[in-house]
Structure formats: C-alpha cells, structure tokens
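Read the numbers this way: they start at 1 and go in the same order the structure lists the ligands and their atoms.
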Amino acid sequence: MTLEILSLIEEQRATDSSLTPVPAFAPPDPSHRSIPVDLLRGDTPDGIAVVGDAGRALAVLPRMRPAVVGNVKLCYIDPPYNTGERFAYYDDRRDSRAWLTDLKSHLEGLRPLLSSHGSVWVHLDDSEQHRARVVLDEVFGRDSFVGTIIWQKRLTRDNRKAFSSMHDYIHVYAPAGPKVWKRVRNGLVDEGVFANPDNDPRGPWRSAPMTVQAGHATTSQFYTVVTPTGVRHEPPAGRCWTYTEARLRQLVSDGRVYWPRNGDGKPRLKRYQSESGGLAPFTVWSAAEVGDTAGAKKALLRDFPLSTPFDTPKPIGLLERIIAIATDPGDLVLDYYLGSGTTAVAAQRLGRPWVGVERNAEVVERFVIPRLQNEYAANPTGGFGVSRLNQV
Ligand SMILES: C[S@@+](CC[C@H](N)C(=O)[O-])C[C@H]1O[C@@H](n2cnc3c(N)ncnc32)[C@H](O)[C@@H]1O
C-alpha cells in the first residue's frame, strides 16, 4: 500500500530541491512544511524512523503527515517500564506519577491516529502495569479492553529476588471493542493436520466431535443418531449433539459429516482448511513459541559485537506474531518507543508500512538503521528512511 505521507514526501521533493536527498540528520531548515525524510533504501519510504521524543512526534505527526491520522492499525509500545534501573541507552528511574502522566499524554496523542479497527498493545512488567491499566481504561474506555497477554520473557531463575519473575504483560485495547475487533483481527495459522482421503471438492479437512456439554442444551439436541451402517448412538453422558436432528440431516446431505469406524462411529464434523479463520490466540505466549529476551539480546550481539549491548530488545518472533494478528499487509504500524527497532524490522519483513519513534539518536544510528539495512539486503522490498524531529 502507498501511504499519502509518501506522496507528500514526493510532492515536497518536487518543490524543494534541498530534499533530494536530505543528508542524514541535516541541520534545521525552517522552510520544511513536513518532516523531511532521508531515504535510505527503496524509491519511497514505506517505513520512517523518527528520531525524537514520542510526545513531540505524536503532536507533530497529524499536522505534518495528515494521512497518518485515523490510519494506524496497530500501535505496539514497549516503554521503559520504570524498573528503577539504569540501562546503557536509557534511564529507567522515574517518579511513578510523572511516568503515568507521560504514558497518558502519549496515549491521548495516539488516539486520533488510530484506525477505527485498530488496536493498541502496551508491553509492561509489574513495576507499573496495574496502574497503567487504569490509565488505559481512562483513555480508551473500559469496554475497549480486549485482553492481557502473558509473555514468558526469561527461562533462567533469578535467585536475588523473592520471586523470580519470568513474564511480562501486554495489554491489548481496541477502541471498536473486542467483538468488532475479533472480526478484523487474524487468527493464528492452524498447523493441524488436514487431509482429503475422500477427494472432497472443498479440499483438505479434519474432523471434530459433534457433541457439546449438555448444560445449555435444548431438548432438540437429544435424539438417537443412526449411522449409514445402521448403528444407533445416543449422546455421551452429560453431553448432547451440537446440532438439531434437522441440521444434522442438512450437513450429511451437504457431505460435511464424517462417519468413523467404516461408518459405524459417531458423526464428526468436517472442518475444511480453506474455511478455517485461524485459531484464537491463547493469552499465554511461551518463549518456545515467540522467543525470550536472552535470545533477542544474543541475536543483537551477534549482529553488533562491537557496540555496547542494547539491554531490552524484544524477540523478532514476538513482534511478528503481534503484527500478523493485528494487521494485514499494507496496514500501518506505529511504535513510538522504538528502541533497537524490532517492530520496524518485523513490519518491514511482513510488508507493513511503519512509523517508529526513538528519542536516543545513538540507538537509531547503532541499531535501528543497520538492522533495517540488513533486512533490506535479505529482502529488498519496501523502502525506508529516517527523519529528525528537530528539523521541523
Ligand atoms: C524498552 S525500550 C524498547 C525496546 C524495543 N521494543 C526493542 O525491541 O528494541 C524503550 C525505548 O524507548 C525509548 N524512549 C524512552 N522515552 C522515550 C520518549 N519519550 N520518546 C521516544 N523514545 C523514548 C528509550 O530510549 C528506549 O530505547
């Protein structure tokens, strides 16, 4: 997809020769009407890494890149958690009230940028997550809460602590509400085994039982099923048939019922691969599925052995899963605490345009840009650029 912001950049290029190309981190030029972007790869920047403060970027974006307004399908943020620690590239020691005030004002700045079917994913640990939930309720409304994902961030035990915390929280909010958002979000790929032993024209399928718990059943769900071979079945104790007898007959005539044991067994519903909307994600995500912090740090260290390590990168697998659930190719992704650039790399890889904001220019130069360059070398699609807010 092509964002209007990209045509704005083109338009600006046409009228302002100083923008072809803007040297990285060029000195301020008051004549710029929009955020100047130094194109690093590709013909147009599908992704823009903005060097600057999140609050300022959120305030400036609607004016300078109007097409971003109402178009952000996914905003993932991984702010400093307020752990009380000092990391190599950022200080994580703040007064709790000041931390919450910033969180709230940034979320308020985000609100108008979000698409009507968008979602916000806020990644935190126990330092502030419970207070942040209240702020999220205030900004987006309690009815916008979709769920909290528990991500297993470490596998080793920390014996210095009373409890060795091995998880983070990712709070998910969707202003349209969970029911509407469920219709637009993607399920997880169903990796179950599908086959087509009967050459069904609908393609590969697998079967599922056709009984449910009897708790909320109606009388029409209790009857005797007679199989094609004449065997008679009652629903198992405490259960009833999923469908009424009339509906079962319809499904049978439509070829959607499988009779195991050569036609003697209880009916099973054929679930087709082509009709599978994917699986509802669980709320607990293990390190084995999406990676952990140690693995993410190791990967960064391998790529940048000479740099002071970035302490808190997220695994690429985690961001790939979030982006795959919350967006389709072409949908805009925003991360205004970009850090080492994991969200940008994952979005680039999955063909989603993105805007990332990071306050520390050194982090952008050392990690974000080289990671994106590497990604582009491996998969040369979608251009990207970098922009400095103090040029505006
Ligand atoms: C926990 S790290 C994000 C890590 C990132 N998810 C990754 O995978 O590398 C938080 C980042 O937010 C940045 N940051 C903190 N306050 C900011 C602000 N007000 N505006 C923009 N960036 C900020 C810090 O410099 C730090 O790099």
Side-chain angles (χ1 to χ4, degrees), residues 35 48-61 74-95 98-110 120-125 127-129 132 149 151 153 168-170 290-301 303-304 307-323 333-349 354-372 374-375 386-390:
I35 304 172
I48 301 174
V50 178
V51 181
D53 176 72
R56 177 114 195 284
L58 290 165
V60 160
L61 273 168
L74 162 68
C75 177
Y76 166 84
I77 55 165
D78 175 25
Y81 298 164
N82 212 10
T83 55
E85 288 175 70
R86 200 181 152 73
F87 296 111
Y89 292 99
Y90 62 95
D91 194 354
D92 200 12
R93 300 169 300 177
R94 294 199 67 195
D95 168 71
W99 186 94
L100 285 164
T101 302
D102 272 3
L103 178 81
K104 186 169 185 193
S105 88
H106 294 167
L107 291 172
E108 282 167 348
L110 161 69
V120 188
W121 301 53
V122 179
H123 194 140
L124 295 168
D125 77 356
S127 310
E128 298 284 0
Q129 68 87 16
I149 290 153
W151 167 55
K153 67 176 167 188
D168 276 353
Y169 305 84
I170 308 174
V290 294
D292 62 355
T293 306
K297 274 173 92 167
K298 233 184 246 168
L300 261 195
L301 212 56
D303 289 345
F304 305 101
S307 291
T308 306
F310 188 83
D311 291 301
T312 55
K314 295 299 175 279
I316 194 90
L318 176 68
L319 268 300
E320 283 179 348
R321 178 182 278 195
I322 292 172
I323 291 170
V333 174
L334 170 66
D335 179 347
Y336 52 81
Y337 295 100
L338 190 60
S340 68
T342 313
T343 306
V345 174
Q348 191 81 14
R349 192 172 291 177
W354 54 270
V355 175
V357 184
E358 169 55 47
R359 185 162 69 179
N360 188 337
E362 198 183 344
V363 171
V364 176
E365 286 175 75
R366 276 197 188 174
F367 300 104
V368 178
I369 293 174
R371 285 182 83 186
L372 287 164
N374 291 347
E375 182 57 33
V386 66
S387 176
R388 246 207 147 129
L389 267 193
N390 64 11

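Ligand 1 places these atoms under 4.0 Å from at least one heavy atom of Thr312: 1 (C), 2 (S), 4 (C). Heavy-atom proximity to Thr342, at under 4.0 Å, picks out these atoms of ligand 1: 7 (C), 8 (O), 9 (O). If you number the atoms of ligand 1 from 1 as listed, the ones under 4.0 Å from a heavy atom of Leu338 come out as 5 (C), 7 (C), 9 (O). For ligand 1, the atoms lying closer than 4.0 Å to a non-hydrogen atom of Pro313 are 7 (C), 8 (O), 9 (O). In summary, the atoms of ligand 1 found under 4.0 Å from a heavy atom of Ser340, numbered by their order in the structure, are 7 (C), 8 (O), 9 (O). Distances below 4.0 Å separate heavy atoms of Tyr336 from the following atoms of ligand 1: 21 (C), 22 (N). Less than 4.0 angstrom separates some heavy atom of Lys314 from each of these atoms of ligand 1: 6 (N), 7 (C), 8 (O).
Put simply, the side chain of Arg371 gets close to the backbone of Ser340: a donor and an acceptor are under 3.5 Å apart. Listed for the Asp335 side chain is no donor-acceptor partner under 3.5 Å among the backbone atoms of Gly356.
In this structure, Ala57 does not count as a contact residue of ligand 1, since none of its heavy atoms falls inside 4.0 Å of the ligand. In this structure, Phe310 has a heavy atom closer than 4.0 Å to ligand 1.
Considering backbone and side-chain atoms together, Ala54 places an N or O closer than 3.5 Å to an N or O of ligand 1. Residue-to-ligand polar distances place Arg359 within reach of ligand 1: an N/O pair is separated by less than 3.5 Å. By the 3.5 Å distance cut-off applied to N or O atoms, Glu358 is counted among the residues near ligand 1.
Annotation: side chain of Ile323 is not in contact with side chain of Trp354 (no heavy-atom distance under 4.5 Å). Looking at Ile170 and Leu318, their side chains come closer than 4.5 Å, going by heavy atoms from C-beta outward.
Side chains of Thr83 and Asp92: a donor-acceptor N/O pair is present below 3.5 angstrom, by distance only. With 3.5 Å as the limit, one finds a donor-acceptor pair spanning the side chains of Tyr89 and Arg366. In summary, the side chains of Thr312 and Tyr81 do not present any donor paired with an acceptor at a separation below 3.5 Å, with no hydrogens or angles considered.
In Leu319, neither the side chain nor the backbone holds a heavy atom less than 4.0 Å from any atom of ligand 1.
Compare Tyr90, Tyr76, Tyr337 by their heavy atoms: the one nearest to atom 14 (N) of ligand 1 is in Tyr337. Distances from atom 5 (C) of ligand 1 to the heavy atoms of Val368, Asp78, Leu300, Asp53 put Asp78 nearest.
When all heavy atoms are compared, the tightest approach of Leu100 to Ala132 is CD2-N, 4.0 Å. Shown here for His106 and Leu58, the closest heavy-atom pair between the two residues is O-CD1, 3.3 Å. Residues Gly295 and Asp292 come closest through the heavy atom pair N-OD1, 2.9 Å.
Given atom 15 (C) of ligand 1, the protein heavy atom at minimum distance is Pro80 CG, 3.6 Å.
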